[in-house]
There are 6 protein chains.
Amino acid sequence: MSEKRTPESTLAINTEIVLPNDTNTLGNLMGGKLLHWMDVIAAISAHRLCKRVCVTASVNNVTFPKPIKLGDIVTLKSKVSRSFSSSMEIFIDVFVEDRSTSDQIKVNEAIYTFVAVDQLGNPISVPAIEPVTEEEKARFEGALRRKQLSLILAGKMKPSDATELKALFES
Amino acid sequence: MSEKRTPESTLAINTEIVLPNDTNTLGNLMGGKLLHWMDVIAAISAHRLCKRVCVTASVNNVTFPKPIKLGDIVTLKSKVSRSFSSSMEIFIDVFVEDRSTSDQIKVNEAIYTFVAVDQLGNPISVPAIEPVTEEEKARFEGALRRKQLSLILAGKMKPSDATELKALFES
Amino acid sequence: MSEKRTPESTLAINTEIVLPNDTNTLGNLMGGKLLHWMDVIAAISAHRLCKRVCVTASVNNVTFPKPIKLGDIVTLKSKVSRSFSSSMEIFIDVFVEDRSTSDQIKVNEAIYTFVAVDQLGNPISVPAIEPVTEEEKARFEGALRRKQLSLILAGKMKPSDATELKALFES
Amino acid sequence: MSEKRTPESTLAINTEIVLPNDTNTLGNLMGGKLLHWMDVIAAISAHRLCKRVCVTASVNNVTFPKPIKLGDIVTLKSKVSRSFSSSMEIFIDVFVEDRSTSDQIKVNEAIYTFVAVDQLGNPISVPAIEPVTEEEKARFEGALRRKQLSLILAGKMKPSDATELKALFES
Amino acid sequence: MSEKRTPESTLAINTEIVLPNDTNTLGNLMGGKLLHWMDVIAAISAHRLCKRVCVTASVNNVTFPKPIKLGDIVTLKSKVSRSFSSSMEIFIDVFVEDRSTSDQIKVNEAIYTFVAVDQLGNPISVPAIEPVTEEEKARFEGALRRKQLSLILAGKMKPSDATELKALFES
Amino acid sequence: MSEKRTPESTLAINTEIVLPNDTNTLGNLMGGKLLHWMDVIAAISAHRLCKRVCVTASVNNVTFPKPIKLGDIVTLKSKVSRSFSSSMEIFIDVFVEDRSTSDQIKVNEAIYTFVAVDQLGNPISVPAIEPVTEEEKARFEGALRRKQLSLILAGKMKPSDATELKALFES
């Protein structure tokens, strides 16, 4: 496909209410439940870019800096940040709604990688994506550095070849 | 607590059968479901080390190199690989059972970080852990490097202070 | 609250993938599951208007003109269409995503009524709402007619007092 | 089928205990969950009349006049009230059990419409039904009026042709 | 309570449709799911006798002589067969509906024992029950023999004291 | 298969955290949920012996002597205790973890029978099993007595032919 797409065109939104079975004994949302919700919404963003079945390839990084409570209204927003030959990096931003103002307070973000596959499960190529906003551009740039890092950690790239990443340690 | 514990003493095991609702349209286990199972079993290992409520702090890295099928018997084994002041790094190894031999085939591994908290959700200190097997020792060593990396990525440590990690790029 | 709000400010979005357990023996989404999803997202819109717990008062009308399939990506969008003293009428529009173009195809719409309650479950007053778009205005107007109709059906209003509705049969 | 059937022959009963995940933050059964249970039991009544797969065509009216609590024993009873060419109107009565006497207290009622379909999803004809009790006769009569009303609301019938319904506004 | 009750007054009914997640890889209802449904409906019958919280004390015997299929309509009917000082024996009969005639075909039966408890979980006394039909009488008689058997198996009664049961082996 | 297997080779382990939806109104794990978990893990042990689909044939005996609480960590361990021509008896031991010591406290045990079936659901033969530990030997011996008892209760064996069982009543 020659037509370039924007991250915005892959935006997927999910809003959930935290139910009792989603919480731990402190009454807070369990990390595993949130990871599950993130995976589903990210798969939808990936699908919106390439119109094919997309499967989770990796979870690059997720942090849970503050607890989400029973009964909270949680909104997940996901967008493709960059696409490679057959893989896509997806950012998921998570917001909790302030109960008296309905303000959306960002509580965490996550980065997942998906691969587009055919019916036999073999990887297929995906369209390119063109970032528009400042945040989209920053995430697009960072995606290459994160890809190098994960290749090194998996032993598939020599640290000396990771030009972008190496610069980080030479300043 | 002065007594040192071994990773083995924190071993937690969960065996699941992949049901229809756990699968995507290709009939393979969805990544999000596996992430959820991993989180629960890791929380149990963390609890076995410190006997306190433990909450997910981050998912450092998970890859999904090959699909797990509907009806597969999946076994997750988790162990604390290293403990820091109030956090613990947990490794989860995932196995699928060969249907005709019952051999356990390793399909992926994941690294989660948990924090022990009191009833108000404040971090509390956790016991040290002493690795015994070769694999446990290698994971114990790597944990420090991974911690440095995540501190850098979060902007909480200067790359130049990450002695162990830096060495990786200087060889 | 004196400040008027718009329907748009109450917009809530949920995107789901139809899983095996959501379907009947024809492989289509069961009506009951969709009714459940509609109720949750409508409760969130109601909450966004009044910042209080809102409970379902009635389902006025829902039709299911065409089937939604296993694996379909379903998006629900809900907005408050009109508020009365302590109740709110909510419209939920449901879309299915075309698998090759990602176009959103509207498959049905539903009208629910919610009531804002205090911690004892007693009704409390809700803010007024001011429609902006043509569709919002049409729904705002219709809400009064639908309220009269449901009061008549419940035996709480005489048909002769339902001015708006009566006009419908006199043309 | 020439043989006429009674509403009683389509009676379907479901008894559930309200669990934590079925409740909102006030500890009351969520409307959406009850709508889901109603849909399933109504589908069974519809099936008992026509022995074919039946799909939800519409929810005509449901009201939730009083809350059902966590731990309550809820019984749903559904019966076909009238059949048309390929559709059936179903009444669902909902009862909560008094905890100290086991008396069944009626808490709400709902009206759903189902359509019988073949394996391709096309509507097929359904047997007629003959009401026996006073309540069954009243519901049988009302079904025609409700059908006219929904045809008018859907723009498929002129109000002036809805003889039965029109009478309501002319008294 | 001096008033005697009949098994019929404790009758509880549940009708379920077998969904994909309830089945094994052969497409048949998993035994564990049916055991769960049986437990819930039996708890309701027990509650209807004594109006108190009732907890499962034991599952005496359940057999699964023939498979129940995906999409089958399953009806469970449970009744207290006999009450002892604080325990009750419950029979659950399970029926599957013939898809073309709606005939109820009995597929299995189960016997559970429940104990009535107060808020601290301590056993409390339950009302007596008086069987009416032939089947109810036979089950009432058998309950004593089954109780002796379970006391022997638990090492709480000497076989020689189990008068009724012993007779079985002396013929 | 001529090779004999040990019960240990069929050991299957599942660890669960008791969630809100698993509990009754006293906050204790519902019996039905535990019966479900037992069935799944026992099916895995049965599969590990014969590498075929195994279906629940009966639940011989389960007792629930003490309550398991919300938030408890529950471990189920199951092993085949004896195999017959096409059926296997499985023992499931259930442990709850002491929250301050992580000691495994045994809370109950259950005995299930499974049958190995081919794709048409017909029984097929299963390998023999050879007990090693004292407990395994005692359970292996008891299995024959339990089989006789269930055949008598089902009217398929005359009490006088149940040599082993009869001895119990003649001492």
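In what follows, chains are A, B, ... by sequence order, proteins preceding strands, each numbered from 1.
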Quiz prompt | Spacing of B:Arg5 atom CZ and F:Ser102 atom OG [to the nearest 0.5 Å] | solution =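 OG of F:Ser102 is found 8.0 Å from CZ of B:Arg5.
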
Quiz item: More than 12 non-hydrogen atoms from neighbouring residues, nucleotides or ligands closer than 6.0 Å to NZ on F:Lys106, yes or no?
Solution: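 It does: F:Lys106 NZ has more than 12 such atoms within range.
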
Quiz item: Given B:Thr15, which of F:Leu76, F:Ile41, F:Thr15 fulfils the side-chain contact (heavy atoms from CB on, under 4.5 Å) condition?
Solution: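 Of the listed residues F:Leu76, F:Ile41, F:Thr15, the side-chain contact (heavy atoms from CB on, under 4.5 Å) partner of B:Thr15 is F:Ile41.
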
Practice problem: Against chain F, label B:Ile13 side chain, backbone, both or neither, depending on which of its atoms sit under 4.5 Å from a heavy atom there. | Solution: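 Both parts, heavy atoms under 4.5 Å.
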
Quiz item: Counting heavy-atom pairs under 4.5 Å to chain F, which of B:Val40, B:Ile44, B:Ile17 comes out on top?
Solution: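 Among the listed options, the one with the most contacts to chain F is B:Ile44.
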
Quiz prompt | Residue among B:Thr75, B:Ile73, B:Asp98 with most heavy-atom pairs under 4.5 Å to chain F | solution =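 Heavy-atom pairs under 4.5 Å are most numerous for B:Ile73.
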
Quiz prompt | Under 3.5 Å side-chain donor-acceptor pair for B:Lys51 and F:Thr101 | solution =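 On atom types as modelled, these side chains do not qualify, holding no pair under 3.5 Å.
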
Quiz item: What is the minimum heavy-atom distance between B:His47 and F:Arg99, and which atoms define it?
Solution: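 For B:His47 and F:Arg99, the tightest heavy-atom pair comes out as NE2-O, 3.8 Å.
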
